[in-house]
Number of protein chains: 2
Amino acid sequence: MSDLLERLRMRGWRLTAQRRVVAEVLDGDHVHLTADEVHARAVSRLPEISRATVYNTLGELVTLGEVLEVATDGRAKRYDPNAHRAHQHLICSGCGAIRDVHPLGDPVAALPADQRFGFTLSGAEVTYRGLCPDCR
Amino acid sequence: MSDLLERLRMRGWRLTAQRRVVAEVLDGDHVHLTADEVHARAVSRLPEISRATVYNTLGELVTLGEVLEVATDGRAKRYDPNAHRAHQHLICSGCGAIRDVHPLGDPVAALPADQRFGFTLSGAEVTYRGLCPDCR
DNA sequence: CTTAGTGCAAAGTGTTTGCATAGGA
DNA sequence: TCCTATGCAAACACTTTGCACTAAG
């Protein structure tokens, strides 16, 4: 684990206690925390970390392309550390749980030329909706 | 046009000047306005309409299933009046323009059984990203 | 030593709500 | 008439920013 910290170090990211804690909290599979949840977990390891720093750090990680912002259309954005591995999301309409999933084929291929309106496509995000076993 | 108003009337929706104006503003293809844009356009037809009423009305239309909420992951949510006709979105990474598109096949079919984690799928939203002719 | 990161608190957005009043059915 | 929708303003949730201070490299 901690590919994330590894990669950041290699990119010459200035490492501070706060940043390390944020990266550690985010690390893992099927992790999709809100900024506030990241802050809460960070505080338990480093009590003096401020919300602003968490927001700033998350924003930076997104800009660096190391973390993905997921707008789940509920209230707050969620942050996904698996920016490097292509995947899509499956969200439970009941409890809001999120799983990373890997559909067959490239979603982009499903959009025919006459539906591209002259756009140059760079990718596609797919959000599957359904009910998880617990909510059903 | 104005299928929307038509349908609402038939569902026994209490019709007021404010609600009619909101429905009229939303009507059409490739319409994806933010709540604030809806309010701005509504004001030009009915100066005394309030922001709260626009929000309440939009929320209601979403609950009724007549309008779709689209979280484009920029700041504000957008509202799409074509809830009745299945479609996906193509968004320009440059200017944020949104087009309704119709991909081939059912996106849900692309998710294999072993990637469904016991969920009962109800649908999928696809957001294609790219650059429009103007931004390229 | 220099520059960039941090904490704090305040300001910004976008959205929701409580309550008295107006107006549709 | 009755009951719901409206307007207003205040409350809210989430996020960003300005500034002085601290610490990494």
Atom pair distance, as rounded to whole Å: NE2 in His39(A) and C1' in dT16(D): 15 Å

Donor + acceptor pair across side chains of Arg136(B), Thr120(A) (<3.5 Å): yes

Between dG5(C) (P) and Leu8(A) (CG): distance, integer Å: 12 Å

Closest to the Arg19(A) side chain, choosing from dG14(C), dG5(C), dT6(D): dG5(C)

Rounded distance (nearest 0.5 Å) linking atom CG of Leu68(B) with atom CD of Glu125(B): 7.5 Å

Within residues 42-58 of chain A: residues closer than 4.0 Å to DNA chain D (heavy atoms): Ala52(A), Tyr55(A), Asn56(A)

OP1 or OP2 of dG7(C) under 4.0 Å from side-chain N/O of Gln18(A): yes

Whole angstrom value for the distance that separates P of dG24(C) from CZ of Arg9(B): 15 Å

Between His30(A) and Asn82(A), a side-chain donor and acceptor under 3.5 Å: no

Gap between atoms CG and C1', on Leu61(B) and dT15(C) respectively (whole Å): 16 Å

Spatial distance of atom NE2 (His39(A)) from atom OG (Ser44(A)) [nearest 0.5 Å]: 10.5 Å

Under-4.0 Å salt bridge between Glu37(A) and Arg78(A): yes

SB check Arg11(A) Glu66(A) (cutoff 4.0 Å): yes

Protein proximity profile, nucleotides 19-25 of chain D - base contact B, sugar-phosphate-only contact S, no contact -, cut-off 4.0 Å on heavy atoms: ----BBS

Spacing of Lys77(B) atom NZ relative to dT15(D) atom C1', expressed in whole Å: 15 Å

Arg75(B) CZ to dT17(D) C1', straight-line distance once rounded to whole Å: 12 Å

NZ/NE/NH1/NH2 to OD/OE distance under 4.0 Å, Asp36(B) and Arg51(B): yes

CD-OG distance between Gln18(B) and Ser50(B), expressed to the nearest 0.5 angstrom: 8.0 Å

Atom pair distance, as rounded to whole Å: CG in Asp36(A) and C1' in dC12(D): 13 Å

Donor-acceptor contact below 3.5 Å, side chain His87(B) vs main chain Pro103(B): no

